[in-house]
Amino acid sequence: MRKPCCDKQHTNKGAWSQQEDQKLIDYIQKHGEGCWRSLPQAAGLLRCGKSCRLRWRNYLRPDLKRDGFGEDEEDLIIRLHALLGNRWSLIAGRLPGRTDNEVKNYWNSHIRKKLESSHRNIGFTRLRAEISSAARSKSQANDPETFVAVSDSNGGKPEPSNKSSSGINLDLTLSIPSKKLESSDEN
DNA sequence: AATTCAATCAACCGCGGTCGT
DNA sequence: TACGACCGCGGTTGATTGAAT
């Protein structure tokens, strides 16, 4: 049997210090992302693996954008959310340099309010239905049997084509999600 | 200047799916 | 095949910051 994830009695909680960040960065730069369970001890961190993973993915990863969301990113989030609902990781997978947590926070703090006020007149559900319908038509034209979920067969990374000027994949073609192993390039 | 309120965002928690024993 | 740990995800919380009074 496996050992427990972590001993919560001996782990730090709350905000990360600069030293902790540096330790995590140094370790991952040397060894790469791997077994989060053993990482804290190996890196000399008094954190649970889950916390390390979250810190790295949401804040420390070098490919993260730290600037605000652009208009095309916001538009894409709205469209993807109409299709997928709260599947933040899938939505974030279509937005290079963005994390699921970031997208989720942005939706809850900005977009939702914006939509609620701006679409009060025509009805948000109607807008959502229209977007879904349009996407479904497009998808079914390509392959009717693949309308299941947005594909992460490329590991959630955008294809080179159909990109906006800011590098966002605006192609909403849908397909059957691939196995996790095939998309495990995030590890 | 002090206080209150709202907005933002990093981090935690709990759950479900997957995988190892 | 069953059990339990690991991993990733979505929901939620709490600390911080800025605006309003």
Side-chain angles (χ1 to χ4, degrees), chain A residues 1-25 27-28 31-71 73-74 76-118 124 128 148-158 174-187:
Chain A
M1 280 303 149
R2 298 179 181 185
K3 295 172 188 171
C5 166
C6 56
D7 182 356
K8 290 189 177 179
Q9 287 181 331
H10 299 98
T11 55
N12 290 341
K13 288 174 79 173
W16 281 63
S17 67
Q18 279 195 334
Q19 291 94 326
E20 286 178 309
D21 281 346
Q22 199 53 54
K23 280 183 182 177
L24 183 57
I25 291 167
Y27 183 86
I28 291 177
H31 303 94
E33 289 180 58
C35 179
W36 293 109
R37 183 186 155 273
S38 59
L39 186 147
Q41 195 179 8
L45 289 162
L46 291 174
R47 295 272 179 177
C48 85
K50 220 171 175 177
S51 180
C52 293
R53 176 186 158 272
L54 204 67
R55 182 65 178 171
W56 173 254
R57 294 195 58 161
N58 288 339
Y59 200 81
L60 298 176
R61 260 166 49 201
D63 59 323
L64 290 180
K65 288 183 190 173
R66 304 303 307 172
D67 51 341
F69 282 80
E71 273 186 38
E73 285 179 302
E74 185 176 312
L76 184 57
I77 291 169
I78 292 167
R79 288 166 183 274
L80 286 168
H81 187 270
L83 281 170
L84 300 165
N86 299 351
R87 307 282 298 278
W88 303 116
S89 61
L90 282 177
I91 294 171
R94 292 269 159 170
L95 292 158
R98 302 297 186 188
T99 69
D100 53 355
N101 208 31
E102 200 176 6
V103 172
K104 179 172 59 183
N105 282 333
Y106 188 71
W107 175 271
N108 287 329
S109 60
H110 292 84
I111 301 177
R112 193 171 59 181
K113 288 172 192 168
K114 206 169 167 179
L115 287 178
E116 278 171 2
S117 59
S118 66
F124 177 59
R128 184 179 164 143
V148 178
V150 167
S151 170
D152 61 350
S153 59
N154 56 355
K157 289 176 183 166
L174 307 178
S175 63
I176 296 168
S178 59
K179 286 180 184 177
K180 278 206 161 179
L181 279 176
E182 290 167 357
S183 61
S184 62
D185 56 347
E186 60 187 357
N187 289 333

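Note that these values count all heavy atoms, side chains included, but never hydrogens, waters or copies made by symmetry. No experiment lies behind these values; they were computed from the predicted model shown.
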If you only use heavy atoms from C-beta on, which nucleotide in [options] is closest to the side chain of [X]?
{"X": "His110(A)", "options": "dG8(C), dA10(B), dT8(B)", "answer": "dT8(B)"}
{"X": "Lys50(A)", "options": "dG14(B), dC9(B), dC12(B)", "answer": "dG14(B)"}
{"X": "Arg37(A)", "options": "dC6(C), dG10(C), dA11(B)", "answer": "dC6(C)"}
{"X": "Trp36(A)", "options": "dA11(B), dC7(C), dC9(B)", "answer": "dC7(C)"}
{"X": "Ser89(A)", "options": "dC9(C), dG11(C), dG8(C)", "answer": "dC9(C)"}

Do you know which of Glu73(A), Lys65(A), Glu102(A) makes side chain to side chain contact (heavy atoms under 4.5 Å, CB included) with Leu95(A)?
->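 Exactly one option meets the side chain to side chain contact (heavy atoms under 4.5 Å, CB included) with Leu95(A), and it is Glu73(A).
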
Name of the residue among Ile111(A), Asn86(A), Val103(A) meeting side chain to side chain contact (heavy atoms under 4.5 Å, CB included) with His81(A) | Asn86(A)

To the nearest Å, give me how far apart [atom1] ([X]) and [atom2] ([N]) are.
{"X": "Glu33(A)", "N": "dC6(C)", "atom1": "CD", "atom2": "P", "answer": "18 Å"}
{"X": "Asn108(A)", "N": "dG14(C)", "atom1": "CG", "atom2": "P", "answer": "17 Å"}
{"X": "Leu54(A)", "N": "dA10(B)", "atom1": "CG", "atom2": "C1'", "answer": "8 Å"}
{"X": "Ile91(A)", "N": "dC9(C)", "atom1": "CD1", "atom2": "C1'", "answer": "12 Å"}
{"X": "Arg57(A)", "N": "dA11(B)", "atom1": "CZ", "atom2": "P", "answer": "15 Å"}
{"X": "Arg87(A)", "N": "dC15(B)", "atom1": "CZ", "atom2": "P", "answer": "20 Å"}
{"X": "Leu90(A)", "N": "dG8(C)", "atom1": "CG", "atom2": "C1'", "answer": "12 Å"}
{"X": "Trp56(A)", "N": "dG8(C)", "atom1": "CH2", "atom2": "P", "answer": "14 Å"}

Would you say a side-chain N or O of [X] is under 4.0 Å from OP1 or OP2 of [N]?
{"X": "Trp88(A)", "N": "dG11(C)", "value": "yes"}
{"X": "Arg53(A)", "N": "dC9(C)", "value": "yes"}
{"X": "Arg47(A)", "N": "dC12(B)", "value": "yes"}
{"X": "Arg66(A)", "N": "dC9(B)", "value": "no"}
{"X": "Arg55(A)", "N": "dA10(B)", "value": "no"}
{"X": "Lys13(A)", "N": "dC13(B)", "value": "yes"}
{"X": "Ser51(A)", "N": "dA11(B)", "value": "no"}

Classify the nucleic acid contact of Asn86(A) as base, sugar-phosphate or nothing, counting any heavy atom under 4.0 Å across all strands shown.
-> sugar-phosphate

What closest approach, in Å, do Pro40(A) and Arg47(A) show between heavy atoms, and which atom pair accounts for it?
->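 So the minimum-distance heavy-atom pair works out to CB-O, 3.0 Å.
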
For Leu45(A) and Cys52(A), work out which heavy atoms get closest and say how close.
->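 Nearest heavy atoms, Leu45(A) then Cys52(A): CD1-SG, 4.1 Å.
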
Do Arg61(A) and Asp63(A) pass the salt bridge (Lys or Arg N to Asp or Glu O under 4.0 Å) test, and can you show the C-alpha distance, the side-chain angles, and the key distance before you say yes or no?
-> CA-CA 6 Å; Arg61(A) 260 166 49 201; Asp63(A) 59 323; 3.2 Å; yes

Which residues satisfy the ring-ring contact (aromatic ring centres under 6.0 Å, His included) test with Phe69(A), sequence neighbours excluded?
-> Tyr106(A)

Quick one: does Asn58(A) reach the base of dA11(B) with a side-chain donor-acceptor pair under 3.5 Å?
-> no

